There are 2 protein chains.
Amino acid sequence: MKSWETVAIIGVGLIGGSVGMALRRRGLARRVIGVGRSPASLQAAVELGAIDQGTTDLAQGVANAELAVVCAPVGQIVALTRALAQCCQVGALATDVGSTKQAIVAELDKGLPRGVRFVGSHPLAGGHRTGPTAATAELFEGRLVVITPTPHTAAADQEAIAAFWRGLGARVAVLSPREHDEILATTSHAPHVVAAALAAATPAALLPYTSTGWADATRIAAGDARLWQELLLSNREHVLEAIARFRDALARFETALAANDASALEQLLSDARKVRDALGN
Amino acid sequence: MKSWETVAIIGVGLIGGSVGMALRRRGLARRVIGVGRSPASLQAAVELGAIDQGTTDLAQGVANAELAVVCAPVGQIVALTRALAQCCQVGALATDVGSTKQAIVAELDKGLPRGVRFVGSHPLAGGHRTGPTAATAELFEGRLVVITPTPHTAAADQEAIAAFWRGLGARVAVLSPREHDEILATTSHAPHVVAAALAAATPAALLPYTSTGWADATRIAAGDARLWQELLLSNREHVLEAIARFRDALARFETALAANDASALEQLLSDARKVRDALGN
């Protein structure tokens, strides 16, 4: 397993903090430097064992990095990666953890200064909790990380980023940025909108009459509104298409209900159950 | 706290089994008799401590009951209650745990033989697990049970059923059967359809690309298709209205997305989050 000399993590929240903890716990980096905006939060990350050192100065934080992992909101990843490419090691690698890939990779695939190369990543891990205190060294174990190389990506760089995630315990899948965004629109982004609409359609006065079903179905709606706004707009077309397909599925249930068609409704529920059961828990 | 001489539980699954365990653990009944269709399942319920004795014979099971709790699918509650009223103690009380109330109560409010009275109940507890092995004595602790008296319900009967549920640790709310069904359409039945449609709209090949968000949002879709078909059809009009309101909420998200309107989208997400956060966990 390749071990890194210095890894810089830009943004030490749930994902960035977990990357740091996993790297340090597994002895995969000699030094993990955290870059953030809040000195208090960086101090907390040091105390939690997520990073060796923290700094609010990007240039200083990445100065010796041979790998930079940008764990920032999707709206900031391009600018941060361009900025860090100016001041990290010549020839360093950069990756990210953004939940959409097409817009980000299209920008960064145009090339970065000083021989720096970017390979996009998206770990399908996390949840609705946020911040370094929610981070764990096990967050990526057994989870899938999608990496999104392009025709310009060198095979060695792709393999280095894949090995990085496998080193943290993850499984790695390779998709084009466009494939990634199409798929995630269906499996993550549209479900988020549906969950939010379900919460929004529930008058607060009726919350005492909800049970575990409603609580589960709307849990992702507790996510950060700003982050999700940026994320959804960065994958707008695919998300709208996925919502349209969801609407079609919903309309089939409504048709069966309106027609009082017990066997059609039961078949629809049974088909949906099969998909859900295939996932497990 | 009133203690019952003999309580019969018709249907010893998750809810019925939990009623029995809680009654016995709390010493609220001298005898708990379970009535079911499967001798093996009744035997399991005895071994789990949910009931003192089990029988597949309804008449025999309810013969000495002063309270009968019908824990059957909504489609069977009316027929079972009418049948048990023929053979339980004269003047016994009956209640149920059905997730819809209007159709059931309308039938049973017409009167039952031999001085038997019915007061409808719906404990907002449970989950996607089923069967007596999922039952626990704590299932109702701190949970809400809605009881649905009518203008024909005697105050003493309403209070006896309320006291029964409070004895199991639940809080009790009183709604008319119609109010109950309107509210539950929004808080439970429409969310079930939405979750099922979300699962149905996801090609099985994409399941490896789901994360905790999709798993949470679709969890209730793993519910029994037959039970949910009956339940949804027994509250058809209200469910269709609640789905229509959900569609309107979803359309507002789609409009903001289609217009690339970041501030409108963020406001919608933020409003949805406030509703979800008001529930907690």
Side-chain angles (χ1 to χ4, degrees), chain A residues 124 127 144 183-184 186-188 191-202 204 206-222 225-226 228-229 232-233 236 239-240 243 245-246 249-250 253-254 257-258 260 262 265-266 269-273 275-279, chain B residues 124 127 144 183-184 186-188 191-202 204 206-222 225-226 228-229 232-233 236 239-240 243 245-246 249-250 253-254 257-258 260 262 265-266 269-273 275-279:
Chain A
L124 305 189
L144 191 71
I183 290 173
L184 270 286
T186 295
T187 59
S188 170
H192 189 97
V193 175
V194 166
L198 201 51
T202 309
L206 299 191
L207 288 177
Y209 300 97
T210 60
S211 186
T212 50
W214 191 92
D216 282 347
T218 59
R219 185 162 294 115
I220 40 173
R226 177 62 180 276
W228 275 96
Q229 173 262 104
L232 294 169
L233 288 182
R236 208 165 65 85
V239 173
L240 283 167
I243 294 175
R245 287 192 298 273
F246 162 77
L250 183 62
F253 284 83
E254 289 179 280
L257 270 165
N260 215 350
L265 182 59
E266 193 166 326
L269 290 163
S270 173
D271 291 346
R273 184 186 188 173
V275 177
R276 184 58 184 80
D277 284 350
L279 183 71
Chain B
L124 305 190
L144 191 71
I183 290 173
L184 270 287
T186 296
T187 59
S188 172
H192 190 96
V193 175
V194 167
L198 201 52
T202 308
L206 300 191
L207 288 177
Y209 300 98
T210 61
S211 185
T212 50
W214 191 92
D216 282 346
T218 59
R219 185 162 294 114
I220 41 174
R226 177 62 180 276
W228 275 96
Q229 172 264 102
L232 293 170
L233 288 181
R236 206 166 64 86
V239 173
L240 284 167
I243 294 175
R245 286 192 298 273
F246 162 76
L250 183 62
F253 284 85
E254 289 179 280
L257 270 165
N260 215 349
L265 181 59
E266 193 167 326
L269 290 163
S270 173
D271 291 346
R273 184 186 186 173
V275 177
R276 183 59 183 80
D277 283 349
L279 184 72

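So that the names make sense, note that chain A is the first sequence line, chain B the second, and so on, each numbered from 1. Quick caveat: nothing in here was measured; it's all calculated off a predicted structure.
- The residue among A/Leu184, A/Leu265, A/Asn260 with the most heavy atom pairs within less than 4.5 Å of chain B is A/Asn260.
- Looking at residues two or more places apart in sequence or on another chain, you find a side-chain contact (heavy atoms from CB on, under 4.5 Å) between B/Ala278 and A/Leu207.
- For A/Leu144, the part sitting under 4.5 Å from any heavy atom of chain B is the side chain, from C-beta outward, and nothing else.
- In this structure, chain A has a heavy atom under 4.5 Å from the backbone of B/Arg245, while its side chain stays farther away.
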Item checked: B/Leu269 and A/Leu232: CA distance, side-chain angles, deciding distance, side-chain contact (heavy atoms from CB on, under 4.5 Å) verdict -> CA-CA 11 Å; B/Leu269 290 163; A/Leu232 294 169; 4.1 Å; yes
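- Between A/Trp228 and A/His192, the two ring planes are parallel [angle under 30°; tilted spans 30° to 60°].
- Of the listed residues A/Leu257, A/Leu124, A/Leu279, the one with more heavy-atom pairs under 4.5 angstrom with chain B than any other is A/Leu257.
- Of the listed residues B/Pro208, B/Ala225, B/Ala201, the one with more heavy-atom pairs under 4.5 angstrom with chain A than any other is B/Ala225.
- A donor atom on one side chain and an acceptor atom on the other are found under 3.5 Å apart for B/Thr202 and B/Trp214.
- How far OG1 of B/Thr187 is from OH of A/Tyr209: 9.5 Å, rounded to the nearest 0.5 Å.
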Notebook entry, point to check: Between B/Phe253 and A/Ile243, is a side-chain contact (heavy atoms from CB on, under 4.5 Å) present by the stated rule, with each step listed?
Noted result: CA-CA 10 Å; B/Phe253 284 85; A/Ile243 294 175; 5.7 Å; no
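- Ranking A/Asp277, A/Val194, A/Val239 against chain B, the residue ahead of the rest is A/Val194, based on heavy-atom pairs under 4.5 Å.
- Interface remark: of the candidates B/Thr186, B/Leu198, B/Asp271, B/Thr210, B/Leu198 forms the most heavy-atom pairs closer than 4.5 Å to chain A.
- Put simply, of A/Ala195, A/Ala200, A/Ala196, A/Ser270, the one with the most heavy-atom pairs under 4.5 Å next to chain B is A/Ala196.
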